[in-house]
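As structure tokens, the structure follows; a few thoughts come after it.
Labels below follow one simple rule: chain letters A, B, ... track the order of the sequence lines, proteins then strands, and each chain is numbered from 1. Computed from a prediction, not measured in an experiment: that's the story for all the values here. Values below: every heavy atom of this structure, side chains too, minus hydrogens, waters and symmetry copies.
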Amino acid sequence: MSDTFDVAIVGGGVVGAAIARELSRYDLKVVLLEKAADVARGTSGKNSGVVHTGINVPTGSVKAKLNVAGAEMFEDLCADLDVPFKRCGKTIVALSEAELPDLESLMARGVANGVRDLEIIDSATLKRMEPNIEGAAALNVPTAAIVCPYSLNIALAESVIENGAEIRLNSPVTAISGTEGSFELTTPGGIISAGLIVNSAGLFSDKVARMTGVHRWRIWPCRGEYLILDKSKGHLINGMVYPVPPKGGAGLGIHITPTTDGNILLGPSADYTNDAEDVRTTGKIRRQLLTEAAEFLPQLSPRDVITAYSGMRPKLVPSKVGGFGDFVIEEVEEAPGVMQLVGIESPGLTASPAIAEQVSAWVRDKIPAQGKADFVSKRTSIPRLRDEPLELREARIQKDGDYGEIVCRCEMVTRKEITESIKNGLGATSLNAIKYRSRATMGRCQGGFCGPRVVDLLIEAGHPPESLTLNGGESWLFMGTTEDLRAERKAERTGAK
Amino acid sequence: MMGRTQKADVAIIGGGPAGLAAASEAKAAGADRVLLLERDARVGGILNQQVHDGFGTKVFNEALTGPEYAAIYEDRCNERDVETWLKSTVINVTKDRVLTVQSDSGLATIEASSMIFAMGCRERTRGAIGTPGTRPAGVFTAGAVQNYMNVRNLAVGRKVVILGSGDIGLIMARRMTLEGAEVICVAEILPQPSGIAGNIVRCLEDFNIPLYLSTTVVEIHGKERVTGVTLAQVGPKMGEVYGTRRFIECDTLLLSVGLIPETELSTEVGIATNPVTTGAVVDDSFRTSVPGIFSCGNVLQVHDVVDFATLEAEKAGRAAAMWATTGELPEPTISITPGEGLRYVLPAAISGVDAVDFTMRSWKEEHHKSVVFRSGGEVLRRLKMPHMEPAGMIRVRVGQGRFKKVLDKNITVEVGE
């Protein structure tokens with residue numbers, strides 16, 4: 001493996017992966033370095049999965065421009081990559097008449113930003129569209145869509161590999177030296193040389209920027225907690241249901257979002273924290289999410305919650321200042337040859353395809369490159385049998401019986417889907433890597449039943465039990481066999497004598 | 001697939017203890033084709049991982065291990081020619097008892113005269129109870145650990161805190177200690193244990209494992225693997241008592257915080273459910289509100305003694321066979337209502353032509369009280385109970401003679417003197 005590249009991308013979130021894929025269209029040597037054991041482990045994997053239209057961002061901002069451009073590319077991109085995408089629409093609901101002016105100003109901004117088909121609807125129309133939602137009026141945003149965010153991130157990464165670029169997991173960059181044309185990036189696996197650097201390190205983009213000698217930014221991590229509801233409650237909403245955004249708040253307000261898999265998400269909260277990795281969940285926010293969402297959706301019950309998680313926003317604006325902070329996407333004079341992407345929070349997922357095009361143009365301006373004739377834009381997902389018509393399922397099972405055996409009963413995931421996930425091109429083998437690729441352990445039993453069976457399949461694929469982790473690193477699942485544990489205890493007792 | 005439509009007299013969903021007992025009895029009662037559908041690679045359900053003894057004391061008068069107990073019923077099914085499909089998942093059912101089954105040989109459609117729901121239950125998870133904190137490796141449900149340890153010989157950790165004093169949690173406290181792990185404590189949010197008294201003695205006291213009542217985990221720590229948990233006491237309304245937090249270093253948190261009936265298929269066909277048990281509303285033939293569909297075992301009500309699940313399932317199996325072969329069952333004419341002191345009572349209605357085994361749970365621990373069956377002010381039956389506790393299901397039989405005195409077609413069951 002050669003360790004000299006034209007471009008090194010730091011950070012395997014959706015933006016880094018989209019950039020790598022754009023660059024893999026060209027005759028360039030590209031490497032993407034990800035510190036975690038899989039892609040999509042930071043902000044990109046833990047958000048609402050919303051493809052925003054651009055009504056929430058100030059007209060004329062970088063965010064607005066890239067949001068609108070990215071949203072237009074999304075449907076085709078998801079079709080190419082075989083990623084779940086659904087244009088389910090969004091209603092921004094005014095709980096009382098008092099919020100009507102807010103809807104009108106949102107609509108005006110949406111129109112100015114080029115969002116199509118906006119209309120303000122009365123409570124009767126809202127009731128027809130969303131029978132279970134309470135509200136005085138709403139702004140209907142029919143072009144808003146949802147995507148499975150981690151599936152997109154994984155699909156982009158797989159496409160990168162198929163098109164000849166490299167992805168190195170478990171590769172945190174700890175130091176950067178050199179100048180444009182001959183940068184050196186230090187990773188645990190060795191030094192990587194690159195002509196250009198793309199800093200798409202998300203929550204750690206300020207730290208990576210400092211490694212390149214740029215000290216002008218600081219990321220203020222802002223945690224957002226979510227609750228996931230059981231699929232049996234998925235029918236309660238047809239599209240996304242948003243409140244009127246809180247003024248001066250750090251987020252878009254607690255919203256109710258369907259997922260492409262049929263769950264409902266409640267969240268996110270917005271709490272600033274000092275630690276970008278402090279993705280804890282709290283009892284306080286759990287109660288708050290349930291209370292606030294119940295104002296719109298009275299049928300909600302705490303019993304419907306299957307789990308909670310937190311995502312983290314890489315904000316450029318501290319809580320004391322508040323308000324709007326624009327994306328930073330620029331090569332600054334202190335560090336020529338480095339494209340700095342800082343503060344890529346919402347709508348970063350939506351903007352990612354447009355950001356990737358912009359960064360690709362910057363790279364090719366510096367290093368002229370030919371388009372590859374053999375670039376493959378299509379990528380296919382592992383078949384999801386539960387979503388397929390019975391005739392197609394039967395045909396697959398007749399070809400390969402492993403498509404018949406259901407291992408994860410809650411999410412109806414077959415043995416074949418899990419073994420294919422284990423064989424993924426990135427070489428990610430943590431339990432969560434399998435979860436994000438197959439949905440096994442993601443359902444209402446949270447792996448109580450299928451966990452041991454997924455572990456069996458990992459062991460069968462040649463991964464010994466003591467090597468298995470939840471998320472890579474030190475997140476071990478087993479200290480060994482029960483014999484190992486008894487031996488360890490016996491040695492301890494003997495030693496104590 | 002469409003060519004594989006088959007008929008069955010009785011189709012049973014779930015091959016755990018309830019499904020096995022229902023299947024063998026349905027066959028013995030004269031049903032011709034009895035089909036037992038099991039998702040796993042073997043029948044027996046959760047009994048396969050329960051290597052401790054104590055199963056069978058009510059039915060066989062001896063203490064068997066889980067696998068031994070399951071083997072008896074598996075043999076019975078084989079001897080009686082019950083047709084068992086393994087690794088076969090029911091992906092759809094209709095009110096008309098048409099089942100779609102997926103297995104490695106393809107999809108099959110089954111039209112059943114009677115159908116028995118015996119899907120069992122699942123464990124309540126961390127997400128469901130909302131334990132705050134980080135999301136590291138090392139947080140497991142007790143049943144999952146029982147499977148890893150007893151079936152796969154895998155050790156999940158060295159220093160363990162157990163949240164919840166349900167029976168599986170208590171048994172795992174003993175099991176993990178015997179396997180060389182250090183069980184630091186068991187925390188229970190309620191003021192009384194959730195498991196039966198015998199297990200507190202045999203699994204905790206005999207091994208000097210402390211049980212902290214009115215205590216819960218208020219935070220899980222650790223970014224990659226669990227590094228500890230914070231415990232705190234709770235007040236009468238389950239709110240945290242401030243100033244009682246303490247950190248306990250551990251690498252594993254085991255949850256034994258309750259079981260939830262796996263009612264997803266029952267909900268699909270629109271069966272009426274009891275909000276307390278979340279299982280189906282049934283009569284004394286274990287018929288649900290949908291004709292021809294029966295329910296028994298842990299999907300109906302969570303049992304603490306497998307023998308009772310077996311007895312219940314055998315009755316359901318016989319009734320399902322009778323329905324399949326004759327289309328008739330005694331009509332329930334008397335409704336049953338839980339009265340003072342009881343969380344619920346099953347069945348919800350009876351025919352009165354046969355003796356009935358009633359199952360119920362009390363709200364709280366009671367000593368030297370009785371279960372009283374009343375109708376229109378008259379006491380039909382009073383059964384003395386030296387000890388009642390919410391953790392222990394009460395099962396009492398009332399003979400058919402007693403039902404002759406029923407007034408207003410209703411019986412109230414309550415805790416009395």
Between [X] and chain B, which part of the residue has a heavy atom less than 4.5 Å away: side chain, backbone, both or neither?
X	result
A:R453	both
A:T469	neither
A:L227	neither
A:I306	backbone

(message) Would you say B:R126 and A:Q446 are linked by a side-chain donor-acceptor pair, where the criterion is simply a distance under 3.5 Å?
(response) no

(message) With side-chain hydrogen bond (donor to acceptor under 3.5 Å, both in side chains) as the test, pick out the partner of B:Q102 among A:E394, A:R393, A:E405.
(response) A:R393

(message) In the structure I gave you, are the side-chain heavy atoms of B:I91 and A:M412 within less than 4.5 Å of one another anywhere?
(response)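 Yes - at least one pair of side-chain heavy atoms lies under 4.5 Å apart.
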
Looking at [options], which one has more heavy-atom pairs under 4.5 Å with chain B than the rest?
options	result
A:S232, A:G480, A:G448	A:G480
A:R486, A:E277, A:R409	A:R409
A:V455, A:N471, A:D400, A:V279	A:V455
A:G451, A:S310, A:G447	A:G451

(message) Are more than 12 heavy atoms, taken from residues, nucleotides or ligands other than A:R303, located less than 6.0 Å from that residue's CZ atom?
(response)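 No - once you tally the heavy atoms of other residues, nucleotides and ligands closer than 6.0 Å, there are 12 at most.
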
(request) Answer yes or no: are there more than 12 heavy-atom neighbours, outside A:E483 itself, under 6.0 Å from its atom CD? (result) yes

Contacting moiety of [X], where chain A heavy atoms sit under 4.5 Å:
X	answer
B:I220	neither
B:T131	backbone
B:E268	neither
B:V90	backbone
B:T278	side chain
B:E262	side chain
B:D251	side chain
B:I129	backbone

Hey, which of [options] has the most heavy atom pairs under 4.5 Å with chain A?
options	answer
B:T141, B:L154, B:T134, B:V145	B:L154
B:I260, B:T125, B:N92	B:T125
B:G157, B:A155, B:A142	B:A155

Roughly how far apart are [X] [atom1] and [Y] [atom2], rounded to 0.5 Å?
X	Y	atom1	atom2	answer
A:T482	B:R152	OG1	CZ	13.0 Å
B:E264	A:K231	CD	NZ	11.5 Å
B:K159	A:M479	NZ	CE	13.5 Å
A:R280	B:R135	CZ	CZ	14.5 Å
B:S103	A:I397	OG	CD1	7.0 Å
A:T481	B:N153	OG1	CG	7.0 Å

Could you tell me whether [X] and [Y] make a salt bridge, using a distance below 4.0 angstrom between a side-chain N and a carboxylate O?
X	Y	answer
B:E179	A:R489	no
A:K416	B:D104	no
A:E474	B:K223	no

Main chain of [Y], side chain of [X]: is a donor-acceptor contact present, judged purely on distance under 3.5 Å?
X	Y	answer
B:E123	A:F449	no
B:R225	A:W476	yes
A:R444	B:R122	no

(message) Pair A:E488, B:R158 - check salt bridge (charged side-chain N to carboxylate O under 4.0 Å, His left out), show working.
(response) CA-CA 10 Å; A:E488 198 178 283; B:R158 296 175 176 87; 2.5 Å; yes

(message) Can you give me the closest heavy-atom contact between A:S475 and B:A137, atom names plus distance?
(response)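 Scanning both residues completely, I find the closest heavy atoms to be O-CB, 3.3 Å.
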
